[in-house]
Each structure stands twice: as structure tokens, then as C-alpha cells.
A.B. asks: 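Here it is: the structure, laid out below.
Every chain is numbered from 1, with letters handed out A, B, ... down the list of sequences. These numbers were taken from a predicted model, which means no experiment stands behind them.
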Number of protein chains: 2
Amino acid sequence: MTTIKDVARAAGVSVSTVSHVLSGRRPISEPTRLRVLEAIERLGYRPNRLAQGLVSKSSRSLGLLVPDLANPFFGSMAEAMEIAAHDRGYSVILCNTNLDPKREADYLSMLLSRQVDGLLYFPGTRVPNRALLEAVAAGVPVVVVDERIDNLPGVFVDNFDGGRQLGRLLAQLGHRSLLFIGGPEGLPTVTDRLNGLRAGLAEGGSAPTNLLLRFGEYRASHGYETIHVCAREGVFAAVGDERPTAVVAANDMIALGALRALRELQLQVPRDCSLTGFDGVEFTAMITPSLTTVQQPSTRVATAAVELLLQRIESGENHRDRAAQRQQAHDDQAEVAPVIPHVVLPVTLVVRESVAPPPPQR
Amino acid sequence: MTTIKDVARAAGVSVSTVSHVLSGRRPISEPTRLRVLEAIERLGYRPNRLAQGLVSKSSRSLGLLVPDLANPFFGSMAEAMEIAAHDRGYSVILCNTNLDPKREADYLSMLLSRQVDGLLYFPGTRVPNRALLEAVAAGVPVVVVDERIDNLPGVFVDNFDGGRQLGRLLAQLGHRSLLFIGGPEGLPTVTDRLNGLRAGLAEGGSAPTNLLLRFGEYRASHGYETIHVCAREGVFAAVGDERPTAVVAANDMIALGALRALRELQLQVPRDCSLTGFDGVEFTAMITPSLTTVQQPSTRVATAAVELLLQRIESGENHRDRAAQRQQAHDDQAEVAPVIPHVVLPVTLVVRESVAPPPPQR
DNA sequence: TTGTAAGCGTTATCAA
DNA sequence: TTGATAACGCTTACAA
């Protein structure tokens with residue numbers, strides 16, 4: 001490996017000169033500059049970022065904790081975040097938490113060891129992970145993405161509004177009996193979407209006579225199995241207001257699984273039963289019937305998250321003497337309640353083939 | 001940040017003792033060990049991996065270059081690789097190449113700067129990237145995944161066989177006129193699948209009278225647009241052997257887009273036209289009609305790739321004095337042609353609803 | 001405009 | 001069984 005020393009020797013200058021040519025932090029005479037540049041080029045020199053990080057106390061890297069990359073929603077998000085980070089000169093260390101708090105803790109510790117400058121965190125589980133809170137306490141800037149965690153900065157969409165728009169649409173179509181297939185019970189996204197749904201149904205003029213709730217994982221298999229379980233329980237055999245005429249899935253993957261199961265039950269969507277998703281991933285436009293869903297501006301969410309994180313990193317908001325700073329602010333009587341920024345982005349209802357008025361009652 | 005020095009001071013020992021307690025590289029008396037451990041615990045000490053990397057000359061990290069994380073095929077692969085790497089103590093730096101050789105070069109240079117121990121590389125473009133070859137020449141171990149590149153170690157599936165199985169199936173069903181919607185022209189996966197298809201068709205008893213070829217990106221939009229373009233060109237209006245009765249898409253995403261377009265053209269799959277994909281991602285089982293496809297053992301591919309890479313890394317196969325070693329081997333008369341390992345994994349044909357015999361000729 | 005040298009947090013070599 | 005101390009490759013005072 002060729003080091004800065006080799007370059008210095010080859011160019012007949014000192015290492016600090018080489019360093020300064022590279023960083024531009026002090027003026028260098030043109031001839032020297034050229035000689036150094038030539039040597040760098042000739043030797044194929046590349047600064048060692050471990051060494052740079054050691055002295056600068058910044059690795060210029062971010063930890064990305066994501067629950068499930070096989071879900072294209074997370075895939076697109078991860079992609080957009082990595083690109084945004086790269087544009088700003090940061091690298092991304094990928095961590096697949098798989099909804100497992102132990103794995104999360106493990107990753108967090110590794111990321112701190114690696115001196116990441118910040119954390120992009122997709123919570124998969126309900127409670128903010130203990131290890132995450134420790135990391136925050138240790139002064140590592142964190143931005144929570146997708147879910148809302150009250151005491152941490154975050155970027156997410158207006159899930160309530162998305163639910164509400166779905167609710168209004170379904171109510172206006174005349175649906176009074178619904179099955180809501182949620183993600184993990186208690187997750188803010190799930191709760192907000194559900195509460196929005198309720199509000200929207202009311203606004204749309206129909207207090208639902210029947211709103212069945214199921215919770216589980218944010219996965220196709222959960223949608224699929226829930227429908228079959230419900231069918232076994234006779235939910236779809238009921239008559240009148242008991243029988244759900246619309247299935248509201250808490251995300252697109254669940255909807256995809258539900259769609260399959262409904263079809264296996266010979267229930268045609270939307271003729272016999274309407275179906276909606278949430279997220280607006282690409283395949284929703286492609287499948288048959290195309291899926292009515294709530295579109296998230298994923299790229300904007302992703303870039304906003306990276307922006308927010310870098311802003312916090314570069315403002316030194318993070319610094320280990322943060323506690324000290326806060327103390328000082330206190331002494332100055334200048335203490336303000338620390339503002340926890342929550343960036344909430346708007347969603348768009350996308351009405352497609354999968355919804356229709358309920359079938360005439362039997 | 002608490003450093004090894006702080007721990008040493010707190011425990012009343014030298015830094016080298018602390019280091020050795022942690023590494024276990026030399027015997028430590030039980031009392032000292034406990035005192036050190038206690039200090040570590042109490043101070044919340046975490047070794048700085050940048051510093052460790054600087055001296056050990058290994059960052060224990062891998063670069064992962066992937067073209068398109070929004071494609072769940074790559075998402076699952078990335079996930080499985082990251083998990084395998086993590087299990088072995090390596091971190092993964094995520095790089096989204098987006099099929100752009102410039103981006104690739106950029107990432108490669110960054111990864112070398114970061115002293116990654118190896119590279120997991122999904123080629124998106126035809127020619128092995130110049131920058132990649134330079135990295136290889138610089139002595140960084142690389143494993144190419146998914147595509148086959150002759151002079152580089154790789155892990156991929158038997159694409160020819162997958163194509164062949166599809167060909168046999170379609171031939172046996174009686175299809176003689178096909179439309180093949182490929183990925184990028186010239187990519188090994190595309191070529192191999194196509195050649196396999198041809199072989200399979202022949203074996204299945206029908207030399208195709210008509211095999212239309214289209215190439216483009218490995219994306220849903222490409223499948224979608226190709227079908228519409230073909231329709232505008234009258235391809236589906238032709239009669240007799242001219243009209244394709246089956247569409248073979250080079251991957252599942254293309255098939256998904258094609259399915260949508262066929263439906264918009266009022267061509268029902270499989271009644272009017274059969275359709276097949278490749279990869280076997282999750283959604284292929286869920287959509288309507290469910291997609292006949294070739295299933296890749298993605299997790300196995302991913303873990304095999306990581307295994308192979310780590311094996312090469314840890315065998316020192318990579319070492320910068322590789323050239324020197326090779327020279328030495330030469331002197332010893334022991335030179336063997338360097339074996340470039342290619343791990344080829346089997347695929348499975350999954351026959352689902354999207355294929356049927358061709359419609360009776362009009 | 002340039003060079004010298006201290007120091008970043010580790011590991012590893014040598015002594016004791 | 002332990003401790004000094006010299007690297008590792010870089011940045012950055014401080015000097016010249």
C-alpha cells in the first residue's frame with residue numbers, strides 16, 4: 001500500500017505538504033502542488049480513511065438499521081438513503097435487524113465501535129430499543145425513519161391522513177363492514193393508520209357497523225394467513241353487516257398476501273370485496289387488480305432523513321459534550337426545551353382497480 | 001469517548017494488559033483480568049475499530065455493490081449477504097451502483113480508501129468495470145455474484161439450465177412462437193437464459209418457428225413498454241405462427257410489467273398468451289395469475305458468495321504480495337494455472353398459473 | 001511557502 | 001505475569 005510518506009518522498013516534499021495539497025487547507029506553490037499531484041497519480045495513492053478517521057474523530061459513515069430488505073419498500077428507502085448519503089460524502093453501513101432487538105443491540109454496539117457519525121433507524125418493534133437509547137445517550141445523532149418515536153428526531157409520513165383518505169373513500173363507496181389487517185399491534189404506523197381510517201369512515205358518512213381488527217407482521221404471509229383464518233372463522237360467510245366488504249391492509253405486502261388468499265376463497269376483488277394497501281410500492285400498479293393504496297414519497301422521506309441527520313451531525317448537535325453544553329445553556333438561563341424535530345411528509349391516495357362499492361346484500 | 005488508556009488507568013494496569021485481556025493473546029492473572037473487565041464495564045469502554053484497523057491493516061468490512069435495491073431480488077440477496085457477513089464478524093458497506101459505471105468507479109475508490117477486506121460485486125453492465133479490474137489488480141479479493149465473469153471468482157446459478165427447463169415446458173405445451181424479453185443485451189445471465197431456452201425448446205420437440213428477441217433493462221417498465229411497443233408493431237395482431245403465444249421474460253420484474261401490459265391489451269394470461277419469469281421472488285407466488293418462473297436459491301447464493309469471499313480473504317489469497325508469491329511459486333516450478341472458482345448453484349422450475357397450451361390458431 | 005513533530009487509539013515487540 | 005514503547009497513516013499546531 002502506498003502511503004502519504006511514499007508520496008512525500010517521491011515528490012521531494014514533507015508529508016504535511018502532501019496532506020495540504022489534498023485538503024487545500026493551506027496555500028501551496030503551484031510547482032510543488034503539481035509535483036505532488038503527479039506523484040500521487042503516479043503511485044496511485046489513496047488516503048487511508050481509517051487513519052483520517054482516527055485523527056479527525058469522524059468516520060464519515062452512517063449506520064443504517066433496517067428490518068427487512070426483501071420488502072421493496074425498505075429496499076427503495078435504503079437505496080435512496082444510501083445515494084443521498086453518498087452525495088454528501090458519507091458511506092452507509094448496512095444492518096439487517098430482522099425485527100430482532102438482540103440483533104439491533106449487537107449492530108448498535110458494532111456501529112459505535114466503528115465510530116459512525118450517525119444512525120438511520122427503522123424501528124421494527126414497538127418499544128424503542130434500549131440499546132438505541134443508550135446510543136443516543138452516548139451522543140450519537142439518530143434519525144428515526146418511517147415510525148414516530150416521540151423523544152427522537154424522525155422523518156415519516158402522515159399516516160393518520162393516509163388512513164383517513166382511505167376511510168373517506170371506502171365510506172363514500174358505501175362500505176360499513178371492514179377488516180383491518182394491521183402490522184405489529186401498537187406500532188405508531190399501524191395505530192395512526194387505523195385511527196385515521198376510523199376518522200375517515202366517520203367523515204365519509206358511515207360510522208362502521210363492523211370493524212374487525214387483526215395484527216401481525218408487515219409481511220405478505222400475514223395478509224395471506226389472516227384472510228384464511230378469518231375465512232375459517234366464518235367471517236366471510238356471515239351475512240348482512242357482519243360480512244366485511246372491504247379489507248384494509250396496513251401495508252402493500254399484507255395487501256398482496258390478502259389478495260392472493262381472497263382469490264383462493266373465490267372472492268373476487270373488488271366485486272366481492274374491496275382491498276387497499278399502504279406505501280405505494282411499484283408492484284401495486286402492476287398487479288391485477290391494481291391496488292388502491294396510499295403513496296408515500298419514499299425518496300423524499302429518505303433524503304429528508306439523511307438531510308436531517310447530517311444537519312444534526314454537522315451542527316455538532318451530537319457532540320459528546322452535548323450534556324456539558326446543555327448544562328452551560330442552563331447556566332446562561334438560555335435553556336429552551338430541546339426541540340425534537342419531526343418531519344412529517346404528505347401522502348397521496350392512489351385509487352386503482354381494487355376498490356368498488358360493496359356488493360348488494362344477500 | 002473512553003479509550004483503552006482510561007481503562008488502563010482505572011484498573012491500575014498498562015494499556016497492553018488491557019489489550020491482552022480483550023484479545024486473550026497472552027495469559028493474564030485472574031485478579032488483574034477481573035479488575036480490567038470491571039473497569040471496562042464501568043466505563044462503558046468500546047474499542048475503536050478505526051484504530052484497530054489501522055494497526056491490523058484490516059477493517060473487517062466488505063463492500064457490497066448492488067445495482068438496484070428496489071428490486072426485491074437484490075434486496076433479498078443483500079439482506080442474506082449482510083447477515084452472513086455479520087455472522088462472521090464483518091460489516092457491510094452498501095453501495096448502490098444504479099447500473100452506472102461512473103458511480104461504480106467512485107464507490108470502488110471509496111471502498112479501497114476505507115480498506116475494505118473484500119468486495120461483493122453484482123455487475124449491472126456488460127463489461128467488467130475498469131475500476132473493478134484495477135481493484136482486483138490492487139489485490140482486493142472480489143467475488144462476483146449473479147453474473148458470470150470469466151476471469152473473476154463468482155457465485156451464480158445455472159441460468160442455462162433454467163432457460164432450458166422453461167424451453168422444454170413451453171415446447172411440450174406446444175408453443176412455437178415466442179417473445180423473449182431480455183435484460184441488457186450481452187449480459188451473461190441474459191445470454192445464458194436465452195441459449196438455454198433455445199436448447200430446451202429444441203429438446204421439447206419444437207424448433208421454434210419464431211423467436212422474437214428484445215433487450216433492455218431488468219425492470220418492470222421494460223417489460224411493460226416492450227409489450228406495448230410490440231403491440232404497436234402489430235406483433236400480437238399477426239396470425240398463425242407469427243403471433244407469439246408465450247412471452248419469456250428474463251426476470252420476474254420484466255414479467256410483472258409484461259403481465260400488466262398484456263392485460264391492458266386484453267390479452268389474457270395464460271389463455272391468450274403464456275408468460276414466464278426468472279428469479280422466483282416472493283411476489284411471483286402472490287400475483288394473479290401466479291407466475292411460472294425459475295427459482296433461484298437466493299439465500300444459498302448469497303451465503304456461498306460470502307463464504308467464498310471470506311475464504312479468499314482469510315487464506316491471504318488476496319495479499320498485496322500476491323504477485324510476489326506467484327513469482328515465488330514460479331521459481332519453485334510449482335506454478336499452476338490460478339484456479340478461478342465459479343460456484344454454480346442449481347435452479348428449480350416452478351410451474352404456476354401463467355402458462356398453458358397456446359390458444360387454437362385463428 | 002514549507003517542514004517538524006505530536007498525537008489520534010490500537011496492537012505488537014521487547015524487556016523486565 | 002506485566003509494562004514501555006514503537007509503529008499504523010494521517011492531520012495539525014507550531015516553527016522556520
A.B. asks: Whether the side chain of Arg114(A) and the base of dG9(C) hold a donor-acceptor pair under 3.5 Å is what I'd like checked.
C.D. replies: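 By the distance-only test, no, there is no pair.
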
A.B. asks: When you measure from the side chain of Gln52(B), which nucleotide among dT11(C), dT2(C), dC14(C) comes out closest?
C.D. replies: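 Nucleotide nearest to Gln52(B)'s side chain: dT11(C).
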
A.B. asks: Between Arg49(B) and Ser59(B), do the side chains contain a donor N or O and an acceptor N or O under 3.5 Å apart?
C.D. replies: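 Side chains of Ser59(B) and Arg49(B): no pair found under 3.5 Å.
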
A.B. asks: Rounded off to whole Å, could you give me the NZ-to-C1' distance for the Lys57(B) and dA12(C) pair?
C.D. replies: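 Lys57(B) atom NZ is separated from dA12(C) atom C1' by 13 Å.
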
A.B. asks: Classify the nucleic acid contact of Ser23(A) as base, sugar-phosphate or nothing, counting any heavy atom under 4.0 Å across all strands shown.
C.D. replies: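 Answer is nothing: Ser23(A) stays at 4.0 Å or more from every strand.
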
A.B. asks: In whole angstrom, give the distance that lies between atom CD of Gln115(A) and atom P of dT10(C).
C.D. replies: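 Distance check: Gln115(A) CD to dT10(C) P gives 8 Å.
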
A.B. asks: Let me know the distance between CZ of Arg49(B) and C1' of dT10(C), rounded to the nearest Å.
C.D. replies: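 After rounding, the reported distance stands at 12 Å.
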
A.B. asks: Contact class for Ser16(B) vs. all strands (heavy atom < 4.0 Å): base, sugar-phosphate, or nothing?
C.D. replies: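 Base contact.
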
A.B. asks: Take Val306(A) and Thr303(A) through the side-chain contact (heavy atoms from CB on, under 4.5 Å) test and state the conclusion after the steps.
C.D. replies: CA-CA 5 Å; Val306(A) 172; Thr303(A) 51; 5.6 Å; no

A.B. asks: Within the structure, does a side-chain N or O atom of Ser14(A) lie under 4.0 Å from either OP1 or OP2 of dG3(C)?
C.D. replies: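 True: Ser14(A) side-chain N/O within range (under 4.0 Å) of dG3(C) OP1/OP2.
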
A.B. asks: Using only side-chain N and O atoms of Arg25(B), determine if any of them is under 4.0 Å from OP1 or OP2 of dA12(C).
C.D. replies: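 Result: yes.
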
A.B. asks: Identify the 5'-most and 3'-most nucleotides of DNA chain D with at least one atom closer than 4.0 Å to a non-hydrogen atom of chain B.
C.D. replies: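 Span of nucleotides near chain B: dT1(D) to dG9(D).
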
A.B. asks: Is a donor on one side and an acceptor on the other found under 3.5 Å between the side chain of Asn96(A) and the backbone of Asn98(A)?
C.D. replies: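 Side chain of Asn96(A) to backbone of Asn98(A): no pair is present.
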
A.B. asks: Grab the NZ-P distance between Lys5(A) and dA5(C) for me, whole Å please.
C.D. replies: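 Rounding to the nearest Å, NZ of Lys5(A) and P of dA5(C) are 13 Å apart.
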
A.B. asks: By nearest heavy atom, map Arg26(B) and Ser56(B) onto DNA chain C; which one lands nearer the 5' end?
C.D. replies: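 Whichever sits nearer the 5' end wins; that is Ser56(B).
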
A.B. asks: For Glu314(A), is there an ion pair with Arg88(A) - N to carboxylate O distance below 4.0 angstrom?
C.D. replies: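 Salt bridge present between Arg88(A) and Glu314(A).
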
A.B. asks: Taking Leu69(B)'s backbone N and O only, do any of them form a donor-acceptor pair with Glu79(A)'s side chain (distance below 3.5 Å, no angle check)?
C.D. replies: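 Here the side-chain-to-backbone pair exists.
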
A.B. asks: For Ile4(B) and dA12(C), what is the distance between atoms CD1 and P respectively, to the nearest whole Å?
C.D. replies: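 Result: 11 Å.
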
A.B. asks: How far apart are the C-alpha atoms of Asp106(A) and Arg103(A), what are their side-chain angles, what is the distance that settles it, and do they pass the salt bridge (charged side-chain N to carboxylate O under 4.0 Å, His left out) test?
C.D. replies: CA-CA 5 Å; Asp106(A) 208 29; Arg103(A) 281 188 76 90; over 6 Å; no

A.B. asks: Report the distance from atom NE2 of His20(A) to atom P of dT1(C), rounded to the nearest whole Å.
C.D. replies: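 My rounded result for the distance is 13 Å.
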
A.B. asks: Tell me yes or no: between the side chains of His20(A) and Arg25(A), is some donor less than 3.5 Å from an acceptor?
C.D. replies: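 Checked: His20(A)/Arg25(A) side chains show no N/O donor-acceptor pair below 3.5 Å.
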
